[in-house]
There are 2 protein chains.
Amino acid sequence: MRQLPHPDAKDIQLTEVLRVLGDPVRLELVVKLADGRELSCSSAGDDLDIHKSTLSHHYRALREAGVTRTRLNGRERMLSLRRDDLDARFPGLINSILTAAHPA
Amino acid sequence: MRQLPHPDAKDIQLTEVLRVLGDPVRLELVVKLADGRELSCSSAGDDLDIHKSTLSHHYRALREAGVTRTRLNGRERMLSLRRDDLDARFPGLINSILTAAHPA
DNA sequence: TCCATTGTTTGACAACCATCCAACTATAAG
DNA sequence: CTTATAGTTGGATGGTTGTCAAACAATGGA
């Protein structure tokens with residue numbers, strides 16, 4: 001498995017995006033990726049008191065919904081937000097969600 | 001029961017809104033309310049092939065999440081989208097969701 | 001008063017979900 | 001080669017969810 005499967009941008013489903021983001025843990029993870037950085041799985045979840053396997057399931061849900069992209073990098077997996085793809089498909093959506101979620 | 005309980009605008013939670021809208025049936029219902037009309041429960045669900053009790057549960061979920069308002073009117077219940085409240089709390093969110101969901 | 005209409009509630013049920021734990025894979029480092 | 005690191009996978013579990021069906025409540029009309 002050299003690469004992880006990601007849905008094409010055109011196949012990203014709105015209800016899937018909303019469903020996946022309708023979980024506090026996953027929304028928090030996405031907020032952490034909002035600034036465009038790539039984060040490893042461990043650094044993305046390091047201040048959440050959640051078992052690593054649970055986080056792994058969340059990462060998969062986010063990836064399969066098309067919300068995040070996962071890049072293999074040695075023994076790490078770098079997560080990033082698929083902002084361009086999401087913006088192209090659902091203009092303004094991610095922005096307004098992140099604005100709403102951002103405590104500042 | 002003269003009035004149904006609705007959350008205050010300030011108590012509407014983002015994850016609840018996203019979770020509730022992350023269901024195809026409920027999203028469809030909200031799309032139908034997008035133009036600002038009030039719809040009775042039966043007219044809102046008349047072209048969906050779903051049992052009326054199931055729809056009733058969806059209506060409650062939408063109302064309790066703060067997405068819709070339900071007004072008692074005789075033996076009907078009139079549904080409407082709480083667009084102002086949602087817009088005030090999460091600027092642009094409902095708009096971008098409706099735009100994304102709109103088939104045209 | 002009786003009946004039709006509108007919608008809710010309760011129960012049942014299968015499916016799904018978030019979580020933890022233990023075992024596993026794969027890569028990097030020594 | 002051996003060990004440590006980064007994540008995943010599969011099982012188990014308890015809780016939630018979407019659905020239908022049947023019974024119920026409330027209103028309006030005949």
Side-chain angles (χ1 to χ4, degrees), chain A residues 1-6 13-33 37-65 67-80, chain B residues 1-6 13-33 37-65 67-80:
Chain A
M1 188 193 303
R2 258 349 286 149
Q3 273 298 76
L4 292 164
H6 294 78
Q13 297 299 313
L14 177 61
T15 50
E16 283 301 293
V17 171
L18 296 178
R19 191 183 60 77
V20 152
L21 262 29
D23 175 278
V25 173
R26 288 190 292 253
L27 185 59
E28 177 66 28
L29 291 170
V30 167
V31 166
K32 283 197 186 181
L33 297 169
R37 276 179 308 167
E38 272 190 326
L39 294 179
S40 67
C41 288
S42 57
S43 64
D46 60 356
D47 60 344
L48 282 68
D49 198 20
I50 293 179
H51 198 280
K52 63 173 183 171
S53 65
T54 303
L55 286 172
S56 187
H57 289 305
H58 284 312
Y59 295 141
R60 183 153 68 105
L62 288 167
R63 173 172 51 79
E64 289 181 347
V67 174
T68 59
R69 174 161 281 125
T70 306
R71 182 174 64 83
L72 302 181
N73 180 37
R75 61 186 157 184
E76 289 186 326
R77 296 179 175 211
M78 305 305 289
L79 304 176
S80 57
Chain B
M1 190 193 303
R2 253 358 277 153
Q3 273 297 77
L4 292 164
H6 294 79
Q13 297 298 314
L14 177 61
T15 49
E16 283 303 292
V17 171
L18 297 177
R19 190 183 60 77
V20 152
L21 262 30
D23 174 278
V25 173
R26 287 191 292 255
L27 185 60
E28 177 66 29
L29 292 170
V30 167
V31 166
K32 284 197 185 181
L33 298 170
R37 276 179 308 167
E38 271 190 325
L39 294 179
S40 68
C41 289
S42 58
S43 65
D46 61 356
D47 61 345
L48 283 68
D49 198 20
I50 292 179
H51 199 279
K52 63 174 182 170
S53 64
T54 303
L55 285 172
S56 187
H57 288 306
H58 284 313
Y59 296 142
R60 183 152 67 103
L62 287 167
R63 174 172 50 80
E64 289 182 347
V67 173
T68 59
R69 175 161 281 127
T70 307
R71 183 175 63 84
L72 302 180
N73 179 37
R75 61 186 157 184
E76 290 187 325
R77 296 177 174 212
M78 304 305 290
L79 304 176
S80 57

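Sequence lines set the chain letters: A, B, ... in the order given, protein chains first and strands last, and positions in each chain run from 1. These figures come from a predicted structure and were not determined experimentally.
- Comparing D:dG29, D:dG7, C:dT8 by their closest approach to the side chain of B:Arg75 singles out D:dG29.
- The distance from the OG1 atom of B:Thr70 to the OH atom of B:Tyr59 is 9.5 Å, given to the nearest 0.5 Å.
- The side chain of B:Arg77 lies closest to C:dT8, out of D:dG7, C:dT6, C:dT8.
- The OG atom of A:Ser42 sits 6.0 Å away from the CD atom of A:Glu76 when rounded to the nearest 0.5 Å.
- The side chain of A:His58 approaches C:dA18 more closely than any other nucleotide in the set C:dA18, D:dA21, C:dT27.
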Nucleotide N/O of nucleotides 13-17 of chain C paired with protein N/O under 3.5 Å:
from, atom 1, to, atom 2, distance (Å)
C:dC17, OP1, A:Arg19, NH1, 3.1

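- Within 3.5 Å, no donor on the side chain of A:Thr54 pairs with an acceptor on the base of C:dC20, nor the reverse.
- Among pairs with a residue in residues 17-29 of chain A, those fulfilling salt bridge (Lys or Arg N to Asp or Glu O under 4.0 Å) read A:Glu16-A:Arg19, at least two apart in sequence or across chains.
- Within residues 39-51 of chain B, the residues having any heavy atom under 4.0 Å from DNA chain C are, by residue number, B:Ser40, B:Cys41, B:Ser42.
- Taking B:Asp49 as the reference, nothing meets the salt bridge (charged side-chain N to carboxylate O under 4.0 Å, His left out) condition, with sequence neighbours excluded.
- Applying the salt bridge (charged side-chain N to carboxylate O under 4.0 Å, His left out) rule to A:Arg75 yields no partners; only residues at least two apart in sequence or on another chain are considered.
- The CG atom of A:Leu29 sits 9.5 Å away from the CG atom of A:Leu39 when rounded to the nearest 0.5 Å.
- The listed nucleotides are C:dT5, D:dT19, D:dT9; the one nearest the side chain of B:His57 is D:dT19.
- Checked against salt bridge (charged side-chain N to carboxylate O under 4.0 Å, His left out), B:Glu38 has the following partners two or more places apart in sequence or in another chain: B:Arg71.
- Rounded to a whole Å, the CG atom of A:Leu4 is 10 Å from the C1' atom of D:dT8.
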